[in-house]
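Below is one structure, written out as structure tokens; comments come after it.
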Amino acid sequence: MTTIRIPTNQINTPFFTDIIEDGYHVFSIKNAQIDGYYPSRFDDYPGVNLKELKIGDVVTIRVFFRIGSGEDVRADGGYIDLEIEHIEDDAVLGVVLTKLPKGFPLQAGGSLEIFEDEILYRTKSTEH
């Protein structure tokens, strides 16, 4: 993934606001279809249907993290796997399986609420 500089004239866009305020942004397939929502074009992902998921499934999302500070602030990201622990209406709660560097706002073992349009793949299904 190419590092994305955070331009001062776009700091109030939802993508950059999440990164500045929360330290991360979860990629959305739906938002990627909106021109200018993301600073560059990304691959098309198959996505999933929440009705096809069950507790224990492992899913993959894409997350961008804030790196650096001051004039050197930028965003970089990658893929994170989550094991689904709860499914509700339009969202799922998953446990982060991917080990991330210390200091990142998400860590292995932590929980994260995500929505259907943020899930890129169902990686595997486990027996629970």
Side-chain angles (χ1 to χ4, degrees):
M1 159 97 204
T2 303
T3 301
I4 301 167
R5 282 220 170 273
I6 299 180
T8 54
N9 65 340
Q10 291 183 355
I11 204 146
N12 292 325
T13 64
F15 173 70
F16 291 122
T17 298
D18 285 352
I19 292 170
I20 297 299
E21 292 179 2
D22 301 330
Y24 70 94
H25 170 85
V26 178
F27 178 83
S28 163
I29 294 170
K30 181 174 71 176
N31 290 340
Q33 296 170 0
I34 300 170
D35 284 339
Y37 191 94
Y38 290 109
S40 56
R41 174 107 171 88
F42 296 101
D43 297 332
D44 290 329
Y45 299 100
V48 299
N49 183 327
L50 284 186
K51 293 177 181 151
E52 298 171 358
L53 297 177
K54 61 185 185 298
I55 305 301
D57 281 352
V58 177
V59 297
T60 300
I61 63 172
R62 186 174 195 158
V63 181
F64 298 90
F65 293 98
R66 183 180 67 216
I67 308 293
S69 61
E71 290 183 20
D72 193 33
V73 70
R74 56 202 185 283
D76 203 350
Y79 299 99
I80 293 179
D81 289 335
L82 305 171
E83 181 176 353
I84 296 175
E85 62 181 1
H86 182 76
I87 302 171
E88 188 174 306
D89 299 329
D90 64 343
V92 300
L93 190 63
V95 175
V96 177
L97 299 176
T98 305
K99 185 172 180 172
L100 297 163
K102 287 184 180 182
F104 273 49
L106 299 176
Q107 291 294 313
S111 292
L112 180 65
E113 181 181 42
I114 57 171
F115 299 93
E116 182 176 66
D117 69 310
E118 296 172 336
I119 302 172
L120 309 179
Y121 308 100
R122 183 172 86 188
T123 309
K124 64 182 174 180
S125 187
T126 59
E127 295 297 323
H128 271 87

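- At a threshold of 4.5 Å between side-chain heavy atoms, the hydrophobic network of Ile, Leu, Val, Met, Phe, Trp and Tyr places V96 and F104 in one connected group.
- Annotation: the span from R74 atom CZ to I67 atom CD1 amounts to 6.5 Å, rounded to 0.5 Å.
- We find the CD1-CD1 distance between I114 and I80 to be 10.0 Å, quoted to the nearest 0.5 Å.
- Under the side chain to side chain donor-acceptor pair (under 3.5 Å) criterion, the residue pairs touching residues 105-117 are S28-D117, E85-S111, with sequence neighbours excluded.
- The CD1 atom of I29 sits 9.5 Å away from atom CD of E118, with the distance rounded to the nearest 0.5 Å.
- Distance check: D44 CG to L120 CG gives 11.0 Å after rounding to the nearest 0.5 Å.
- Hydrophobic clustering of Ile, Leu, Val, Met, Phe, Trp and Tyr side chains at less than 4.5 Å, counting indirect connections, keeps V63 apart from L93.
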Verdict with reasoning, V95 to L82, per side chain to side chain contact (heavy atoms under 4.5 Å, CB included)
CA-CA 5 Å; V95 175; L82 305 171; over 6 Å; no

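- Pairs of residues two or more places apart, or lying in two chains, that qualify as ring-ring contact (aromatic ring centres under 6.0 Å, His included) and include a residue from residues 21-41 are F15-H25, F15-Y38, H25-Y38, F27-Y38, F27-F42, F27-Y45, Y38-F42.
- The distance from atom CD1 of I61 to atom OG1 of T123, rounded to the nearest 0.5 Å, is 10.5 Å.
- Taking every heavy atom of both residues into account, P105 and G23 meet most closely at CG-O, 3.6 Å.
- Put simply, the residue from L53, V92, T60, D57 that forms a side-chain contact (heavy atoms from CB on, under 4.5 Å) with V48 is L53.
- Evaluation of the side chain to side chain donor-acceptor pair (under 3.5 Å) test over residues 87-103, restricted to residues two or more places apart or in two chains, returns H86-E88.
- Taking CD1 from I20 and CZ from R66, the interatomic distance works out to 6.0 Å, rounded to the nearest 0.5 Å.
- In the hydrophobic cluster analysis, where Ile, Leu, Val, Met, Phe, Trp and Tyr join through side-chain heavy atoms closer than 4.5 angstrom, V59 is grouped apart from F115.
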